[in-house]
Trainee: 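This is the structure I want to talk about, given as structure tokens.
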Amino acid sequence: MHSLTLKVLSTNKHILSKSSFLKGLQCTKALYLYKYHYNWKDPVSTDDQIKFSNGNNVGILARQLFPDGIDASPKSHKDFKPSVALTKKLIKEGTDVIYEAAFNHNEVLAAMDILVKHNNKWKAYEVKSSTRISTVYIQDAALQYYIITQSGIELEDINIITINNQYVREDFLDIQKLFNINSVLKDVLEMQPLIHSKIIELKEVLNLPFIPIKEIGEQCFSPYKCNFMGNCWKHIPKDSVFELSGISREEQFALYNSGTKKIIDIQDIASLKHAQQVHIQSVKEQQAVINFEGLQHFFSTIKYPLYFMDFESSMPSIPSLSHTRPYENIPVQYSLHYKKSLKSKLIHYEYLAQAGGDPRKEFIENLLRDTECEGCILVYDKTFEIKILQSLAKLFPEFDEKIKNRISRIKDLMEPFEKKHYYIHEMKGSHSIKNILPAMVPELSYDKLKINSGALAMVAFHSLHQAQDLFHIAETREALLEYCKMDTYAMVKIFERLEEIITSNN
Ligand code: SF4
């Protein structure tokens, strides 16, 4: 049965905007829900919040490439009418550079980050905080080009400004080198007929008296994860084929559409990879599948005393430190739990940088001091920690030997889970520590922590750069320390659980 929708078109200033148009290209149902059932949207993820705030900062900085422009941004993003009027006025008055120039043609809104007058024509610039140009960015630029030119503005060129990840900052930030300006005029021109027909099609969708019917499909993830999955995917059962890792999305949908909705319904198990077979076995038996031999081999490589180590980093899009590139990981925090022997008490060490300075030397000096006793250093997913240590060794050659020693002692606690030596279906096909912990040590949880993910930790650390309120600073620092400590404590508990499993088998 179709659900009838009460439409509010008459009060809208525009029917389509850049965001709703791109949503419509992904899925017409998503466009309809976005427009008329916005409150059905899933909560905004921390990753999306970070992308949004990053994009804003980069957009403002890129204006310096074309200085002395006039900002036509609207006061409220709910009403672009004043912005469209101001843009018209600025063009008429002969303004050379306009930021957030807004146009409304046939009830479709476009707002261009930077518009620059050139030989009595105009050049348009859309700023992205990304380092590469995606298909969506081209579609976005093509819509903007269509609306701006249909509004009577002659565009000589249209560009996407991206971040140059090869740029290495020296003492001062060089804006010209930080950004890449890429003309996308050729692609944009080729897309104009498509944009024209899509606008007509999407307007028709928005005129429907009911939500368009659209089955779930690969469009739910591409080009972005749709934020109406909470609504459209609620009928998908627990332990569905979408939880089976190691097979492509296409294969998951092929199974689902052929009637194999749940993992236990999968027939042709022999043709699947080992990891998938283990997953299916665990779901069927509703218990852990353990490869004792594999676990024993892993433990034979681990020697007490043990360190459990975790780093947190900051990844600024705009490099703030000398000799760093955009999006380079800057280590700002670590937690270490130390256990001398099986029976000995846990000792905890930690470090958290002060926001604003360059923490790298202090970070490595503290870390080297806190890990100077012999013994294995356990991390969860060693790639990240090793990469950070290697970059610190390059930066501080005086510590090279000691850092190499620490790297040689690193063992990866993710290994037994990645290789499925221990697997239980509650891990939902993942070997991320956030899935392993509740499955193996349910009494321990990140849920009650104020900061409960690496992405949130990054945002919290960034917030300290601007913070003035001493209470807020102290509270945020405490939450950051608690989060990082939990990461290594979780590793200790997971390790102990594996030790118990091995012991009980002997
Ligand atoms: S979840 Fe999938 S089907 Fe539902 S609106 Fe989004 S893309 Fe469309």
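Just follow the structure's listing: the first ligand is 1, and inside any ligand the first atom is 1. None of these values were measured; they are calculated from a predicted model.
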Trainee: Enter the distance from Ile433:CD1 to Met440:CE here, rounded to the nearest 0.5 Å.
Mentor: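 One gets 11.0 Å once the value is rounded to the nearest 0.5 Å.
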Trainee: Side chains of residues 275-283: which donor-acceptor pairs under 3.5 Å do they make with residues two or more places apart or in other chains?
Mentor:
unit_1 : atom_1 : unit_2 : atom_2 : d
Gln276 : OE1    : Lys273 : N      : 3.0
Gln276 : NE2    : Ser245 : O      : 3.2
Gln276 : NE2    : Gly246 : O      : 2.9
Gln277 : NE2    : Ile269 : O      : 3.2
Gln277 : NE2    : Ala270 : O      : 3.4
Gln277 : NE2    : Leu272 : O      : 3.0
His279 : ND1    : Tyr423 : OH     : 3.4
His279 : NE2    : Tyr423 : OH     : 3.3
Gln281 : NE2    : Glu285 : OE2    : 3.4
Ser282 : OG     : Gln287 : O      : 2.9
Ser282 : OG     : His425 : N      : 2.7

Trainee: Verify whether one side chain among Asn227 and Lys23 offers a donor that lies under 3.5 Å from an acceptor in the other.
Mentor: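 The criterion, which ignores hydrogens and geometry beyond distance, is satisfied for Lys23 and Asn227.
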Trainee: Is the shortest side-chain N to carboxylate O distance from Glu482 to Arg477 below 4.0 Å?
Mentor: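 No, no charged N to carboxylate O under 4.0 Å.
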Trainee: Count, excluding waters, the protein N, O or S atoms that are closer to atom 8 (Fe) of ligand 1 than 2.8 Å.
Mentor: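 Step by step: take atom 8 (Fe) of ligand 1, keep protein N, O, S below 2.8 Å, and you get 1.
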Trainee: I'd like to check the side chain to side chain donor-acceptor pair (under 3.5 Å) partners of Asn452; sequence neighbours left out, ordered by chain and number.
Mentor: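 Counting only residues at least two positions away or on another chain, Asn452 forms no side chain to side chain donor-acceptor pair (under 3.5 Å).
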Trainee: Just to verify, what does Glu251 make a side chain to side chain donor-acceptor pair (under 3.5 Å) with, not counting sequence neighbours?
Mentor: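 Testing Glu251 for side chain to side chain donor-acceptor pair (under 3.5 Å), a comparison that skips the adjacent residues, returns Ser248.
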